Amino acid sequence: MESINAKYVSQKISKTRWKPVSHSTLQQPEIFATGSWDNEENKISLWSIGNHENVAMDDGNEGDPQVLCEHKHDGDVLDLQTLSVSQHWARAHRYPCDSAPCTSVVCSSPEIVTVGEDGRIVVFRADHEGVVQTIENADSSTIHAVTYLRTTEILTVNSIGQLKMWDLRQHSKSPSQIFSLSGDRVPLHCVDRHPNQQHIVATGGQDGMLCVWDVRQGNSPFSLMEAHSAEMWEVHFHPTNPDHMFTCSEDGSLLHWETSSQSDLPSFLQGNRNNSMISRSAMPSAGGNQSIISAWLSGDSSKSRLETTHMLPSQTLSVNSLDVLGHYLVCGTDGEAIFVHRQIPV
Amino acid sequence: MEEVDVEPVITNIPAASHDKHLGFAWGPGDILVYETLYKASGSKRSPCTFIHEVRKDEDIYSPILRKLFNESHHIFVGLQTIGEDLPSKSKKPQFVSVSKNYRSVIRACMEELQQVAGEIFFKYSSDIFSCEFSWFIQGAGSLLLHLLDWIRLHRADVDEKARDVLQSESPAEHCDYWDVVVSYVLQGRLEEARQMLVKQAMLHPASRNMYKLMDSLLSKMPFYKPGGTQPLAEFDVKWRHWHDEVDRCLQDGSFASNQHLELICKILVGDEDTLLTQKELLSTWYHFLVTRLLFCHPTVKATELHFYAQSCLTMFLDPRSTPEPLDSILLAAFEIDIHQVIKDCSIALNNWWFVAHITDLLDHCKLLKSHNLHFGSNLREFLLLEYASGLFTHHSLWQLAVDYFDHCSEFGRVYLELLIERVPLDTERKALKVLRICEQRQMSEQVRSICKIMAMRTLRNNRLGSALSWSIRAKDAALATLISERFLQDYCERGTFSDLDLIDNLGSAMLLSDRLTFLGKYREFHKLYGEKRFREAATLLLSLMTAKIAPRSFWMTLLTDALPLLEQKEVIFTANQTYELMYCLEELTSSLNTTAPSKDKPMQDEVEKTKVELLRLAMARNLAIAIVKEGTVET
């Protein structure tokens with residue numbers, strides 16, 4: 001029984017994020033934020049999906065997201081993060097004669113890192129009014145996404161297909177390491193780090209390829225998978241159950257990747273909605289000690305099973321953004337709809 | 001000029017001064033109007049610098065209607081992909097479900113709209129869609145039942161009133177009670193009417209018999225079941241029998257003591273004058289039509305419908321009131337004159353949404369006789385093109401329009417090609433989406449032009465890496481050459497390369513343009529030099545000139561780079577290589593000599609001359625040492 005419902009919201013959604021819930025209270029996620037794009041007046045809205053059990057609602061409206069509040073936003077909303085902050089940094093990203101779009105923001109309280117189309121990395125602090133640190137000309141092309149690797153190191157992906165690692169303590173102008181795919185310079189659009197094993201990083205590219213990298217070794221990705229037929233906009237590891245990963249793309253699909261290793265049953269007896277995927281290893285699995293090797297990094301696909309399922313009921317316009325928390329998934333599309341899935345199988 | 005169907009509407013432009021001539025230009029969904037210098041009379045005045053935009057269709061900017069556009073887009077795309085190989089019989093239920101989907105989407109929007117502000121547009125569409133396919137698709141066997149369905153959906157306020165009445169403490173004494181009962185009867189919902197009457201009966205035990213009689217009359221009314229075993233003639237007999245019974249009750253005066261029950265009885269008999277007294281409850285002439293048919297002519301056929309419709313219209317409406325556009329549309333619908341319906345809707349509504357979707361659905365059901373038009377190949381395609389062009393003017397809904405163009409086989413592609421280039425590209429992400437649309441449809445011209453726009457913009461902002469990635473996407477060699485020239489210019493000015501991360505990692509993109517290849521190789525030369533691999537660096541440098549990869553203008557710089565290599569203690573260039581270097585220098589100086597010496601830069605000429613002399617000297621020395629070295633036999 002599908003427990004996914006769609007709500008049309010009259011704005012194209014560019015980003016959705018769940019409001020984090022504290023793990024101790026075992027609360028279900030209830031509130032999420034969305035940002036719109038391509039409107040004359042864009043706005044950020046907070047929605048509630050009302051998980052109160054004591055409220056009787058008729059089935060038709062059960063769990064429809066309701067708007068809590070809205071706020072105007074100049075320009076398209078390109079990224080959202082949750083933090084209690086009350087600052088406004090204007091023109092953080094700029095060209096010589098114009099403002100440049102800031103494409104991504106990530107925060108690890110109280111620090112906030114932003115990157116933009118001007119190739120600049122800017123670090124802010126929530127309590128500080130000015131800029132804490134800027135890496136000018138960090139990249140000659142647009143930086144599409146940024147994420148934290150460790151507390152002082154960040155990873156960025158750019159539009160010439162490079163994954164760069166920066167150490168913020170060193171205040172240097174150049175990255176500490178550059179990873180790239182050999183061959184075509186396909187722009188990378190999103191990056192996410194494994195929540196537990198910090199050396200595993202996944203990126204999504206313009207041609208829909210999903211790459212998994214091991215940042216400890218080598219300059220090339222560990223494995224490449226053909227995930228989508230168009231740009232992959234977001235990739236997320238599940239925060240508490242990292243054997244699961246979710247990707248969404250311009251071709252209108254949202255895929256759920258599940259990996260597990262060493263299964264006794266042959267794969268054709270398991271699962272019924274597998275989509276065949278092509279998995280190639282860029283390099284053979286590192287020999288030697290493989291005791292704690294993550295299933296994502298198993299080079300040999302016969303040992304580990306990787307299953308993908310489509311999560312949306314039918315083909316839609318581009319799915320721009322997704323977020324997962326617990327058993328809940330929310331995603332927003334260019335068809336001006338928000339989908340909330342309440343029982344993802346993790 | 002051809003005759004117009006309706007008089008054109010005059011729109012005043014308040015901001016323009018009234019004695020000026022106005023000029024205008026058509027846009028896809030609007031008109032731009034500006035004041036010209038011509039004046040009707042009087043002295044000249046200063047020109048006005050405003051341009052006014054006159055827009056007919058405000059609906060696409062309404063947030064509630066946007067939901068309708070999105071959801072109907074989803075349904076539209078689904079409709080186009082209904083299997084072509086299925087026989088038409090099995091496609092019918094699918095078409096019906098599509099029309100039901102459209103209808104439910106409209107209703108959802110209508111409910112929201114009513115909460116905000118009434119929109120007449122919706123009223124029209126909902127009514128038409130509702131009365132739609134009932135007879136267009138399903139055939140006229142059970143026409144009346146479909147009409148009743150339509151009316152019930154249309155008059156949802158009856159249910160609301162009923163709910164109010166039932167929730168009150170004493171429903172039978174509620175002021176609206178009899179209104180609800182009569183409305184149920186008018187809509188043919190006799191079961192519900194009976195249930196309501198039971199409450200009244202309990203309050204008045206004295207008139208129990210009367211209520212019992214009414215109850216039995218209501219329960220005995222025959223309804224025709226389509227697909228049942230009962231032939232039409234048999235049903236007709238039964239119905240007349242029932243009708244006579246009701247008439248007899250009326251004549252007997254069984255309900256004379258209770259005016260409400262008498263009213264209901266008269267309605268059941270189908271007395272037109274009584275029905276006309278209930279104008280308030282009926283509210284519309286088509287409700288009156290359906291009720292009249294229900295109680296007078298239940299076996300009406302689709303072909304007879306329009307006679308009754310016309311007469312009901314005249315009976316119901318005040319002779320002084322002017323007919324609304326909706327009325328003529330409905331009349332045309334009842335006459336099953338599809339073209340007239342479409343035409344009237346196009347005139348009455350200010351948005352192509354409704355006519356486009358309905359024509360598309362009818363076309364799929366093969367109910368539309370297509371004749372070729374002078375524009376837009378056939379009616380369906382013309383309307384879809386108009387609708388989609390209107391969507392394209394919207395800052396956000398243009399993405400929906402792309403799918404509509406895809407399904408217009410003759411002109412859709414051309415329209416899309418022209419319009420997609422005009423989407424404003426503010427951020428890279430939007431440009432990427434537009435590019436993806438073009439690439440999926442193999443519109444290579446548009447891909448190149450969009451990439452060029454983005455690349456030039458980034459070049460202006462000095463983002464050379466971004467510019468290069470755009471040129472790689474477009475596979476545009478000329479653009480890549482331009483960018484490489486910029487890189488080289490930067491190098492010449494500053495002495496170092498900027499954006500090393502890009503140039504070092506060009507990979508196979510290097511082959512896109514000669515200039516780019518040169519750039520990559522030149523950087524490689526620098527790297528080799530930095531790693532002190534002089535032999536390889538020297539070979540590379542020479543090959544850049546001899547293979548003609550380097551542009552002539554850069555040779556001087558290359559030769560100057562060769563100078564330190566020539567001056568090294570260790571011999572790096574072999575004799576043959578030195579000969580080639582000399583040849584290159586000669587070629588360069590001879591071409592320089594043929595150009596007229598610049599009179600205003602004597603200093604530069606001096607510098608050039610010195611350079612050439614130094615080079616000649618270094619090369620000669622190197623040659624000497626190299627010849628000696630190569631001639632020496634190692635012992």
Side-chain angles (χ1 to χ4, degrees), chain A residues 6-12 14 36-40 75-76 78 94-98 100-101 103 117-119 137-142 144 158-162 164 174-175 178 180-187 189 206 229-231 233 250-251 314-318 320 333-337, chain B residues 61-71 73-74 77-78 81 105 108-109 394-400 402-403 423-424 426-430 432-433 435-437 439-440 457-458 460-470 472-473 487 498-509:
Chain A
K7 182 172 166 76
Y8 284 89
V9 296
S10 308
Q11 43 180 321
K12 292 205 278 206
S14 59
S36 72
W37 76 285
D38 215 17
N39 259 345
E40 276 175 351
D76 296 343
L78 285 172
R94 57 198 175 279
Y95 291 132
C97 49
D98 205 3
T103 49
E117 276 185 26
D118 55 352
N137 237 330
D139 210 314
S140 58
S141 61
T142 307
H144 282 292
N158 65 11
S159 63
I160 41 179
Q162 294 170 332
K164 293 187 183 174
S174 59
I178 301 183
S180 61
L181 274 171
S182 56
D184 284 325
R185 300 267 156 257
V186 176
H189 284 292
Q206 197 172 76
S229 54
E231 286 92 342
W233 291 121
E250 174 77 20
D251 64 4
S314 59
Q315 202 74 353
T316 56
L317 286 178
S318 160
N320 288 327
T333 70
D334 267 349
E336 307 195 356
Chain B
Y61 292 93
S62 149
I64 299 174
L65 292 186
R66 270 174 81 162
K67 297 188 205 180
L68 176 75
F69 295 132
N70 275 290
E71 291 191 69
H73 164 258
H74 195 64
V77 171
T81 53
V105 161
C109 261
H394 191 270
H395 48 75
S396 210
L397 293 174
W398 56 271
Q399 271 185 298
L400 301 179
V402 173
D403 278 314
V423 174
D426 305 316
T427 60
E428 268 198 25
R429 186 177 277 212
K430 189 160 176 189
L432 286 172
K433 286 185 189 256
L435 268 180
R436 179 62 59 181
I437 291 173
E439 276 174 4
Q440 278 171 346
R457 201 185 285 177
T458 51
R460 207 169 2 118
N461 288 317
N462 242 345
R463 311 290 315 143
L464 295 176
S466 291
L468 193 60
S469 72
W470 287 112
I472 292 174
R473 178 110 186 233
F487 268 115
S498 59
D499 309 320
L500 281 177
D501 58 345
L502 172 65
I503 307 174
D504 280 344
N505 296 300
L506 277 177
S508 62

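Labels below follow one simple rule: chain letters A, B, ... track the order of the sequence lines, proteins then strands, and each chain is numbered from 1. Here the structure is a predicted model, which means the values were calculated and not measured.
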What's the separation between atom [atom1] in [X] and atom [atom2] in [Y], rounded to the nearest 0.5 Å?
| X | Y | atom1 | atom2 | value |
| --- | --- | --- | --- | --- |
| B:L397 | A:N39 | CG | CG | 9.0 Å |
| B:Q399 | A:L317 | CD | CG | 6.0 Å |
| B:S466 | A:D118 | OG | CG | 9.5 Å |
| B:S396 | A:E40 | OG | CD | 9.5 Å |

key: B:R66 side-chain N/O to A:Y8 backbone N/O, donor-acceptor pair under 3.5 Å   = no
message = Does A:W37 form a side-chain contact (heavy atoms from CB on, under 4.5 Å) with B:K430? I'd like the steps, not just the answer.
response = CA-CA 9 Å; A:W37 76 285; B:K430 189 160 176 189; 3.9 Å; yes
ask   = Taking A:E250 as the fixed residue, which of B:R436, B:K433, B:Q440 is the one that meets the side chain to side chain donor-acceptor pair (under 3.5 Å) rule?
value = B:K433
Proximity breakdown for [X] and chain A, heavy-atom pairs closer than 4.5 Å:
| X | value |
| --- | --- |
| B:W398 | side chain |
| B:H394 | neither |
| B:L468 | neither |

task = Would you check, one step at a time, whether the test side chain to side chain donor-acceptor pair (under 3.5 Å) holds for B:N70 with A:K12?
result = CA-CA 10 Å; B:N70 275 290; A:K12 292 205 278 206; over 6 Å; no
Interchain contact, [X] with chain B, by part (heavy-atom threshold 4.5 Å):
| X | result |
| --- | --- |
| A:D251 | neither |
| A:S174 | neither |
| A:S159 | both |

task = Start with the C-alpha distance between B:L435 and A:E231, add both sets of side-chain angles, then the distance that settles side-chain contact (heavy atoms from CB on, under 4.5 Å), and finish with yes or no.
result = CA-CA 11 Å; B:L435 268 180; A:E231 286 92 342; 6.0 Å; no
ask   = Between B:L464, B:L432, B:I472, which has the largest tally of heavy atom pairs under 4.5 Å with chain A?
value = B:L432
remark   = Residues at least two apart in sequence or cross-chain that pass ring pair (Phe, Tyr, Trp, His ring centres under 6.0 Å) with B:H74, listed by chain then number, are none
remark   = Note: A:S10 and B:I64 closest approach over all heavy atoms is OG-N, 4.3 Å
Residue pair A:N320 / B:R429: nearest heavy atoms and the distance that separates them = O-NH1, 4.5 Å
task = Apply side chain to side chain donor-acceptor pair (under 3.5 Å) to A:S141 and B:S469, showing your working.
result = CA-CA 8 Å; A:S141 61; B:S469 72; 5.9 Å; no
task = Carefully, step by step, assess A:E117 and B:N461 under the rule side-chain contact (heavy atoms from CB on, under 4.5 Å).
result = CA-CA 10 Å; A:E117 276 185 26; B:N461 288 317; over 6 Å; no
request  = Could you tell me which residues satisfy side-chain hydrogen bond (donor to acceptor under 3.5 Å, both in side chains) with A:Q206, sequence neighbours excluded, listed by chain and number?
outcome  = B:R473
